[in-house]
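Okay, structure first, notes after.
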Amino acid sequence: MTQYPRKTQVGIIGSGPAGLMLSQLLHNAGIDNVVIDRQSREHIEARVRAGVLEQGTVKALHEAGVSQRLLAEGLPHDGFHLSFDGELHRIDLKKHTGQHVTVYGQTELTKDLIQRRLDQNAPLIFSADNVTPDALISQSPCIHFEKDGTRHTVQCEFVVGCDGFHGISRQSIPDDVLRVFERVYPFGWLGILCEAPPIAEELIYANHPNGFALCSMRSPSRSRYYIQCDTNDNIENWDDARFYDELEIRLGDSIAASLVRGDSFEKSIAPLRSFVAEPMRYGNLFLAGDAAHIVPPTGAKGLNLAIADVRILHDAFIKHYRQKDSSGLENYSTTCLQRVWKVERFSWYLSMLMHQIPTHSDFEKKMQRAEFDYIRDSEAASKSIAENYIGLPLNI
Ligand code: RFL
Ligand code: PHB
């Protein structure tokens with residue numbers, strides 16, 4: 001029978017980007033850790049999600065030693081486009097910030113992180129049932145889980161909940177301790193992946209009276225497209241022809257002329273939500289990534305925010321273990337939340353600017369248009385979008 005560790009310094013629940021990256025960073029610093037996920041490796045490696053990495057995220061992956069493929073295959077983008085009723089405005093990231101973003105799929109990043117951890121014989125436990133953090137406000141917290149019908153317990157010094165929005169970690173914090181702030185948007189994103197060259201070299205975020213559309217990519221031969229849809233819509237209602245017809249309308253004739261309609265091989269609908277849980281620490285449990293906060297995907301921030309949390313937490317653990325200084329851990333929640341709320345603001349702002357909001361009056365539609373015109377005509381407004389899009393510094 002497989003033996004699982006009974007003791008570790010940091011027990012990590014969830015092997016998404018946050019959990020895997022934290023595990024790698026801690027390992028590199030000589031801090032023992034165990035990662036436990038309820039899903040199988042195959043399931044985790046098949047999830048299609050984010051596509052845009054901030055330079056800080058790429059740098060962190062590089063420093064963690066997990067950037068070989070990312071540096072070879074990632075696509076540096078010096079700008080992106082906003083489109084309003086077919087009128088394009090380019091946000092020049094390079095000019096305004098001196099930085100770029102990198103297009104590289106979260107799916108590939110996750111595969112790279114898993115492979116690296118397994119190459120190092122890391123205790124990475126997939127397909128665990130009933131994962132439960134326990135004794136969180138004691139000096140000896142632990143994680144219980146079941147594997148192949150047998151119950152196991154890992155004693156930890158700290159537990160980190162990297163188990164996403166629907167995970168168990170946040171739910172383990174009593175209601176009278178946790179305060180949540182939430183907005184659920186009255187629409188979703190219908191996304192497809194297809195084997196066809198992207199419509200343009202850079203991303204296009206479009207607002208049209210029919211709704212939002214986003215043209216993104218994974219590689220020079222693989223495209224990722226999204227359109228705003230009803231939250232309760234069903235992918236069965238959207239064959240590729242209908243999807244592309246609608247995408248073309250929302251982009252306008254001149255942009256749509258370059259569209260190559262590749263057969264889709266992934267199609268899904270994602271809800272849009274803003275969510276923050278405060279505090280991000282309860283006793284010896286720390287929350288990181290989507291377990292603590294969700295942003296609507298319009299600003300491409302969720303994955304980047306998750307990596308930022310674990311970088312801050314990693315620094316705090318190093319201070320704790322090497323210098324016997326727990327101030328980083330004490331301040332973890334406050335430090336992260338400062339940044340989280342700013343990123344929430346940007347994601348909310350860009351979402352409200354670029355979508356058709358069902359409750360909007362004609363006045364609010366005019367305000368949206370005026371905002372676009374202002375961004376187009378003002379260097380300062382474009383620069384503000386650029387500095388948020390490339391990613392705010394860690395210590396703000
Ligand atoms: P994840 O990736 O959700 O991983 C959580 C892991 O925890 C496991 N888990 C549990 N394990 C044990 N016990 C339990 N009870 C558990 N419950 C859950 C899960 O199996 C999973 O493996 O969270 P993490 O690591 O915090 O990472 C967050 C990111 O995945 C997320 O923020 C981004 O995908 C958001 N996002 C984007 N972010 C960007 O930075 N740039 C983008 O361009 C971008 N585009 C997107 C996105 C998210 C999207 N969707 C589908 C919501 C586009 C879309 C459409
Ligand atoms: C993606 O490529 O999946 C993507 C890109 C930019 C976003 C959201 C998603 O803002």
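These numbers were taken from a predicted model, which means no experiment stands behind them.
Geometrically, Arg170 does not engage Tyr282 in a cation-pi contact, judged by NZ or CZ lying under 6.0 Å from the ring centre and within 45° of the ring axis. The cationic group of Lys147 does not satisfy the cation-pi geometry with Phe126, failing either the under 6.0 Å distance to the six-membered ring centre or the 45° limit from the ring axis. Judged by the 6.0 Å distance and 45° axis criteria, Arg345 is not positioned over the aromatic ring of Trp348.
Looking at Thr132 and His144, their side chains never bring a donor and an acceptor atom within 3.5 Å of each other. Side-chain contact check for His314 and Asn28: no donor-acceptor pair (N or O, by modelled atom type) lies under 3.5 Å. Side-chain atoms of Arg281 and Ser333 form no donor-acceptor pair, as typed in the model, at a separation below 3.5 Å. For the 3.5 Å distance criterion, the side chains of Thr150 and Asp148 fail to qualify, holding no donor opposite an acceptor. Under 3.5 Å, the side chains of Asn33 and Gln9 contain no donor-acceptor pair of N or O atoms.
To the nearest 0.5 angstrom, Ile227 atom CD1 is 8.5 Å from Ile192 atom CD1. Atom CZ in Arg117 sits 5.0 Å away from atom CD in Gln120 (nearest 0.5 Å). Rounding to the nearest 0.5 angstrom, the gap separating the CG atom in Leu136 from the CG atom in Asn284 is 8.0 Å. In this structure, OG1 on Thr107 lies 12.0 Å from CD1 on Ile44, to the nearest 0.5 angstrom. Between Asp315 atom CG and Leu25 atom CG the span is 8.5 Å, to the nearest 0.5 Å. With rounding to the nearest 0.5 Å, the separation of OH in Tyr321 from CG in Leu26 is 8.5 Å.
No chain of hydrophobic side-chain contacts below 4.5 Å, direct or via other Ile, Leu, Val, Met, Phe, Trp or Tyr residues, connects Leu272 to Tyr225. A continuous path of Ile, Leu, Val, Met, Phe, Trp and Tyr side chains, each step under 4.5 Å between heavy atoms, connects Ile12 with Leu113, placing both in one hydrophobic cluster. Cluster annotation: Ile204 and Leu247 are assigned to the same hydrophobic cluster (Ile/Leu/Val/Met/Phe/Trp/Tyr, side-chain heavy-atom contacts under 4.5 Å, transitive). If you chain together hydrophobic residues whose side chains sit under 4.5 Å apart, Leu214 and Ile269 never meet in one group. Side-chain heavy atoms closer than 4.5 Å link hydrophobic residues (I, L, V, M, F, W, Y) into clusters, and following such links, even through other members, never connects Val295 to Tyr349.
Looking at Arg242 and Glu246, no side-chain N of the basic residue comes within less than 4.0 Å of a carboxylate O on the acidic one, giving no salt bridge. In summary, Lys383 and Glu379 do not engage in a salt bridge, as defined by a charged side-chain N under 4.0 Å from a carboxylate O. One finds no salt bridge joining Asp119 and Arg116 here, because no Lys/Arg side-chain nitrogen approaches an Asp/Glu carboxylate oxygen to under 4.0 Å. Glu87 and Arg369 are joined by a salt bridge, as a carboxylate oxygen and a charged side-chain nitrogen come within less than 4.0 angstrom of each other. Ion pair Asp129/Arg151 not flagged as a salt bridge, since none of the NZ, NE, NH1 or NH2 atoms sits closer than 4.0 Å to an Asp/Glu carboxylate oxygen. Salt bridge annotation for Glu54-Lys59: absent, with no cationic side-chain nitrogen under 4.0 angstrom from a carboxylate oxygen. A salt bridge links Arg90 to Asp92: at least one charged side-chain nitrogen sits closer than 4.0 Å to a carboxylate oxygen. Salt-bridge check for Glu248 with Arg261: passed, with a basic side-chain N closer than 4.0 Å to an acidic carboxylate O. Taking a cutoff of 4.0 Å between a charged side-chain nitrogen and a carboxylate oxygen, Asp78 and Lys95 do not qualify as a salt bridge.
Counting heavy atoms of neighbouring residues, nucleotides and ligands inside a 6.0 Å radius, atom CG of Leu118 exceeds 12 of them. Summarising the local packing, CD of Gln171 is surrounded by more than 12 heavy atoms from other residues, nucleotides or ligands at distances under 6.0 Å. By the neighbour-count criterion of 12 heavy atoms within 6.0 Å, atom CD of Glu146 is densely surrounded, having more than that number from other residues, nucleotides or ligands. In the displayed structure, His62 atom NE2 is contacted under 6.0 Å by at most 12 heavy atoms of other residues, nucleotides or ligands. In this structure, Gln139 places its CD atom where only 12 or fewer heavy-atom neighbours from other residues, nucleotides or ligands lie under 6.0 Å away.
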Distance-only donor-acceptor pairs under 3.5 Å for side chains of residues 174-191, two or more places apart:
| from | atom 1 | to | atom 2 | distance (Å) |
| --- | --- | --- | --- | --- |
| Glu182 | OE2 | Arg273 | NH1 | 2.4 |
| Tyr185 | OH | Ser274 | OG | 2.6 |
| Trp189 | NE1 | His355 | NE2 | 2.9 |

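Aromatic ring pairs are classed by plane angle as parallel below 30°, tilted from 30° to 60° and perpendicular above 60°; the pair His152 and Phe145 is parallel. Aromatic ring orientation, Phe372 versus His89: perpendicular (interplanar angle above 60°, classes split at 30° and 60°).
Under the 3.5 Å distance criterion, the side-chain polar atoms of Lys111 are left unmatched by any main-chain donor or acceptor of Ala46. A donor-acceptor pair is defined here as one N or O able to donate and one able to accept, closer than 3.5 Å; no such pair exists between the side chain of Thr8 and the backbone of Gly11. Between the Gln368 side chain and the Met352 main chain, a donor and an acceptor come within less than 3.5 Å of each other. With hydrogens and angles ignored, the 3.5 Å screen pairs no side-chain donor or acceptor of Arg47 with any backbone N or O of Gly16. In terms of modelled atom types and a separation under 3.5 Å, the side chain of Ser23 and the main chain of Gly19 share no donor-acceptor contact. Judged by distance alone, with hydrogens and angles left aside, the side-chain atoms of Ser347 form no donor-acceptor pair with the main-chain N or O of Glu344 at under 3.5 Å. Although no hydrogens or angles enter the test, the distance criterion places no donor-acceptor pair under 3.5 Å between the side chain of Thr57 and the main chain of Leu53.
Applying the salt bridge (charged side-chain N to carboxylate O under 4.0 Å, His left out) definition to pairs two or more places apart or across chains, none involves residues 13-39.
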Applying salt bridge (charged side-chain N to carboxylate O under 4.0 Å, His left out) to Glu266 and Arg224, what does each step give before you reach the verdict? CA-CA 9 Å; Glu266 200 273 345; Arg224 178 84 166 141; 3.1 Å; yes
Asp290 vs His166, test: side-chain hydrogen bond (donor to acceptor under 3.5 Å, both in side chains). Steps then yes/no. CA-CA 9 Å; Asp290 278 14; His166 300 286; over 6 Å; no
His320/Phe158 under ring-ring contact (aromatic ring centres under 6.0 Å, His included): CA gap, chis, key distance, verdict: CA-CA 11 Å; His320 171 80; Phe158 299 99; 5.1 Å; yes
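The shortest heavy-atom contact between Ile307 and Ala60 is CG2-CB, 4.3 Å.
In this structure, Arg6 has no side chain to side chain donor-acceptor pair (under 3.5 Å) partners at least two apart in sequence or on a different chain.
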